[in-house]
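To keep things clear, I will list the structure first and then write my remarks on it.
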Amino acid sequence: MPAVALPVLGAEDVLAGLRALRTRQPVKFSAFYSSQLGGIVTDPALMVIPFDDHMVHRGHGIFDTAGLVNGRIYDLEAHLDRFLGSAERSRLKLFGSREQMRDIIIKTAAASQLRDGAIRYWLSSGPGSLELSPAAGAQPGFFVMIFGGLSYPERWYTGGLRVMTTTYPIKPPLYAITKATNYLPNVLMQMEAKEAGFDNGVFIDEDGFVGESSNMNVAFVTRDGVFRHPKFERVLPGCTSLRLLELARGLIGTAITGVEVSDVAVADARAAREMLLLGSSVKVAPIVQWDREPIADGKPGPVASALLNLLEEDMRAGDRLIDVPY
Ligand SMILES: Cc1ncc(COP(=O)(O)O)c(C=O)c1O
């Protein structure tokens, strides 16, 4: 192997290097707030965090993602509730109050000029050492990214998805309900599923109950028409799931017969009339095949589309929207 030239770089070289990186691999990041920089940047090359931040080298950080829909932020309070819960369980100091963080999120969205996409924000325990415990005197870091959001193939909605049971173990309860930056099991599950030709994976717990997918919850419609969701003990309490469990009550007597949150045994789940993926990015998508076996007749069912309509209406004109002051 030929020797590699290793220059010692100055500030301008670093900036040129960061810009070259973004040219090689363009990203759709519209605005980024960093408490460490003390403001907002819109040039993706400047959306950086120090290597010694505890979130980077030890995964001691949390995050959350809310949707930006038609110039409005959807259900931010639910996402902030979960963010604060994750911070407490991770023993992270907050950066300012909930109100200050909400204000920064809204102002960063305004600076982005983006009207449809996603807002992801992080709390880190800050830089200052490479130790296992946070550095002495470390200041918590707060970061907000406004970006194009995750998108999925149209065929997921029209034809449905195919999933597999992952071979990776589910997270223990504390880590499952905390939205920390430790997504290794989720990443490995999704990679495994894609490599095997599936759209995604599903975690099953040690007692044979259904967990969740990589970055989405799963739910079912039972043979007798109940919209059934696993308990929020081994899975992340999805803001979409929690909202849909409320909205679905409006379908009782028509599309469904009831709503239930309970442990879902794999055998019952496989016999479901419908299987669904739920999440802020995917919204509601039907799963039509699991471990190569069809769910019911292997076609998307009516409850998936009824729930998707309810959610889209709530995102368009419900009472959980915040106008972005562009
Ligand atoms: C592991 C995991 N489960 C479920 C969800 C769905 O949560 P939400 O509906 O809040 O997007 C997410 C996404 O944040 C997730 O990362």
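Indexing begins at 1, ligand by ligand and atom by atom, following the structure's order. The chain is numbered in sequence order, starting from 1.
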Answer with yes or no whether the side chains of [Y] and [X] bring together a donor and an acceptor at under 3.5 Å.
X	Y	answer
Lys171	Asn182	no
Thr167	Glu192	yes
Gln36	Asp53	yes
Trp290	Thr165	yes
Ser262	Arg228	yes
Asn186	Tyr168	no

Just to confirm my output: which protein heavy-atom neighbour is closest to [atom], and how far is it?
atom	value
atom 6 (C) of ligand 1	Asn217 OD1, 3.6 Å
atom 5 (C) of ligand 1	Asn215 O, 3.5 Å
atom 9 (O) of ligand 1	Thr240 OG1, 2.5 Å

Is the closest N or O pair between [X] and ligand 1 shorter than 3.5 Å?
X	answer
Ser280	yes
Leu278	no
Tyr183	yes

Atoms of ligand 1, numbered as shown, that sit under 4.0 Å from any heavy atom of [X]:
X	value
His79	10 (O)
Asn186	1 (C)
Gly279	9 (O), 11 (O)
Gly238	7 (O), 8 (P), 9 (O), 10 (O)
Glu212	1 (C), 2 (C), 3 (N), 4 (C)
Ser214	1 (C)

Heavy-atom distances under 4.0 Å decide this one: backbone, side chain, both or neither, for Lys179 against ligand 1?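 Contact part for Lys179 vs ligand 1: side chain (C-beta onward).
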Within this structure, what is the CE-NZ distance for the pair Met164 and Lys194, rounded to the nearest 0.5 Å?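 So the CE of Met164 and the NZ of Lys194 are separated by 13.5 Å.
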Phe83-Tyr121 aromatic ring centre distance below 6.0 Å: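 Centroid separation for Phe83 and Tyr121: below 6.0 Å.
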Taking the six-membered ring for Trp, are Tyr183 and Phe63 ring centroids under 6.0 Å apart?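 Yes: the rings meet the under 6.0 Å criterion.
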Yes or no: does Arg82 have any heavy atom under 4.0 Å from an atom of ligand 1? yes
